[in-house]
Asker: 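This is the structure I have questions about; it appears just below.
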Amino acid sequence: MSVFLLFLPLAATAASGESPLSSSATDAVTPAVLAKWMAGAEHGYGPDQYRLGLAYAAGDGVAQNFSEAAHWWRKGAYNINPQAELMLGEAYAHGWGVPRNIDKAIHWWKAAARYGPPEVASRAQLLLDSAI
C-alpha cells in the first residue's frame with residue numbers, strides 16, 4: 001500500500017467538517033469555513049490547524065502550498081492533535097513543504113499511533129510498518 005494513497009481520503013474529507021477519516025465529503029471549502037478554521041488555528045485549536053493544513057495541501061479554497069500545510073500540521077502536532085501528527089509525518093516522509101526526513105516522519109507517526117483514536121492509530125501503524 002502506498003503511503004501517498006493514505007493521504008487522499010484525509011484530504012478529501014476535511015473540507016466538510018466531518019471526521020477527517022470518514023468517507024463521504026466532496027464539497028469545496030468555502031471562504032467562511034476557511035475564515036473559521038483560520039481563527040481557530042491562530043488561537044491554537046489543533047483540529048482547525050489540521051484542517052487548515054489539509055486545505056493548503058489540497059489547494060482547497062486556497063492556493064496549494066505544502067510549506068503552509070506543514071506549518072499548520074506542525075502547530076497542530078505540538079497541540080497534540082493526532083491527525084496533524086500523522087500528516088506532519090507524511091510531510092516529512094515525502095518532503096511536502098519540509099526537508100525529507102524519515103526519522104522525523106517516524107517520530108510523528110509514533111506519536112499519532114500512541115495518542116490517536118483507533119482510525120488514526122491504525123493508519124499510523126501501517127505507515128510505521130512500511131517504513132521499518
Side-chain angles (χ1 to χ4, degrees):
M1 174 180 277
S2 170
V3 172
F4 180 71
L5 293 177
L6 292 174
F7 168 73
L8 295 177
L10 293 171
T13 59
S16 71
E18 294 180 27
S19 166
L21 297 171
S22 64
S23 62
S24 64
T26 58
D27 296 336
V29 176
T30 66
V33 169
L34 277 172
K36 178 183 165 195
W37 290 350
M38 183 62 77
E42 289 175 347
H43 284 94
Y45 184 57
D48 284 346
Q49 292 166 331
Y50 161 70
R51 290 180 190 112
L52 199 54
L54 286 181
Y56 276 106
D60 196 358
V62 292
Q64 187 176 43
N65 184 327
F66 286 110
S67 294
E68 196 68 16
H71 165 80
W72 288 111
W73 289 330
R74 183 177 298 104
K75 287 186 170 283
Y78 285 125
N79 282 316
I80 312 173
N81 180 276
Q83 292 91 346
E85 293 167 345
L86 182 72
M87 293 312 300
L88 185 57
E90 289 273 13
Y92 278 114
H94 296 285
W96 295 336
V98 293
R100 193 166 189 265
N101 185 323
I102 196 63
D103 292 331
K104 287 184 179 183
I106 289 170
H107 166 80
W108 289 111
W109 290 336
K110 283 181 179 179
R114 189 172 27 241
Y115 302 117
E119 300 84 11
V120 173
S122 66
R123 285 176 186 247
Q125 192 58 55
L126 282 172
L127 294 167
L128 284 166
D129 291 345
S130 68
I132 296 176

Asker: Are the side chains of Gln125 and Ser122 in touch, meaning some heavy atoms are under 4.5 Å apart?
Answerer: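 Of all side-chain heavy-atom pairs linking Ser122 with Gln125, none is under 4.5 Å.
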Asker: So Tyr78 and Trp108, would you call those rings parallel, tilted or perpendicular, with 30° and 60° as cut-offs?
Answerer: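 Perpendicular.
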Asker: Please test Glu90 against Leu127 for side chain to side chain contact (heavy atoms under 4.5 Å, CB included), starting from the C-alpha separation and ending with a verdict.
Answerer: CA-CA 9 Å; Glu90 289 273 13; Leu127 294 167; 3.6 Å; yes
Asker: Closest approach of Ala84 and Ala77, non-hydrogen atoms and distance?
Answerer: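 Here Ala84 and Ala77 meet closest at CB-N, 3.5 Å.
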Asker: Which atom pair, heavy atoms only, marks the closest approach of Ala69 to Gly53?
Answerer: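 Nearest heavy atoms, Ala69 then Gly53: CB-O, 3.2 Å.
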Asker: For Gly89 versus Ala105, what's the shortest heavy-atom pair and its separation?
Answerer: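 In this case the closest contact between Gly89 and Ala105 is O-CB, 3.2 Å.
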Asker: Restricting to non-hydrogen atoms, name the atom on Ala55 and the atom on Trp37 that form the minimum distance, rounded to 0.1 Å.
Answerer: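 Ala55 and Trp37 have their closest heavy atoms at CB-CZ3, 4.2 Å.
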Asker: Of the non-hydrogen atoms in Gly116 and Ala121, which two are nearest, and what is the gap between them?
Answerer: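 Residues Gly116 and Ala121, closest heavy atoms: O-CB, 4.0 Å.
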Asker: Can you confirm whether Val98 sits close enough to Lys104 that some side-chain heavy atom of one is under 4.5 Å from a side-chain heavy atom of the other?
Answerer: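 With C-beta onward as the side chain, the pair stays apart.
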Asker: Could you give the distance from CG (Leu88) to CG (Asn81), rounded to the nearest 0.5 Å?
Answerer: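 Result: 11.0 Å between the selected atoms.
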Asker: Tyr115, Trp109: one ILVMFWY side-chain cluster at the under-4.5 Å cut-off?
Answerer: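 No.
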Asker: If we ignore hydrogens and angles and just use 3.5 Å, is the side chain of Trp73 paired with the main-chain N or O of Tyr50 as donor and acceptor?
Answerer: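 It does hold such a pair.
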Asker: Measuring only between side-chain heavy atoms, which start at C-beta, is His43 closer than 4.5 Å to Asp48?
Answerer: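 With C-beta onward as the side chain, the pair stays apart.
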Asker: Under 3.5 Å, side chain of Arg100 to main-chain N/O of Ala93, donor-acceptor pair present?
Answerer: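 Looks like yes, one N/O pair under 3.5 Å.
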Asker: Taking side chain as C-beta onward, heavy atoms only, is Leu54 less than 4.5 Å from Val29?
Answerer: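 Side-chain contact under 4.5 Å: no.
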Asker: What's the separation between atom OH in Tyr56 and atom CG in Leu34, rounded to the nearest 0.5 Å?
Answerer: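 Answer for the OH-CG pair, Tyr56 versus Leu34, is 7.5 Å.
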Asker: Using every non-hydrogen atom in the two residues, find where Ala113 and Leu128 come nearest and quote the distance to one decimal.
Answerer: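 Ala113 and Leu128 have their closest heavy atoms at CB-CD1, 4.3 Å.
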Asker: Drop me the distance from Arg51's CZ to Met87's CE, to the nearest 0.5 angstrom.
Answerer: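 Atom-to-atom, Arg51:CZ and Met87:CE are 14.5 Å apart.
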Asker: Using the rule that two of Ile, Leu, Val, Met, Phe, Trp, Tyr join whenever any of their side-chain heavy atoms come within less than 4.5 Å, decide whether Leu52 and Tyr45 are in one cluster.
Answerer: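 No: no chain of side-chain contacts under 4.5 Å links Leu52 to Tyr45.
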Asker: Has Ile80 got more than 12 heavy atoms of other residues, nucleotides or ligands less than 6.0 Å from its CD1?
Answerer: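 No.
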Asker: Distance alone, cut at 3.5 Å: any donor-acceptor contact between the side chains of Gln49 and Asn79?
Answerer: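 Result is yes, a qualifying pair exists.
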Asker: Any side-chain to backbone donor/acceptor pair from Gln64 onto Gly59? Under 3.5 Å, distance only.
Answerer: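 Not confirmed, Gln64 side chain does not pair with Gly59 backbone.
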Asker: What's the spacing between Asn101 CG and His94 NE2 if we round to 0.5 Å?
Answerer: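 Going from CG on Asn101 over to NE2 on His94, the span is 13.5 Å.
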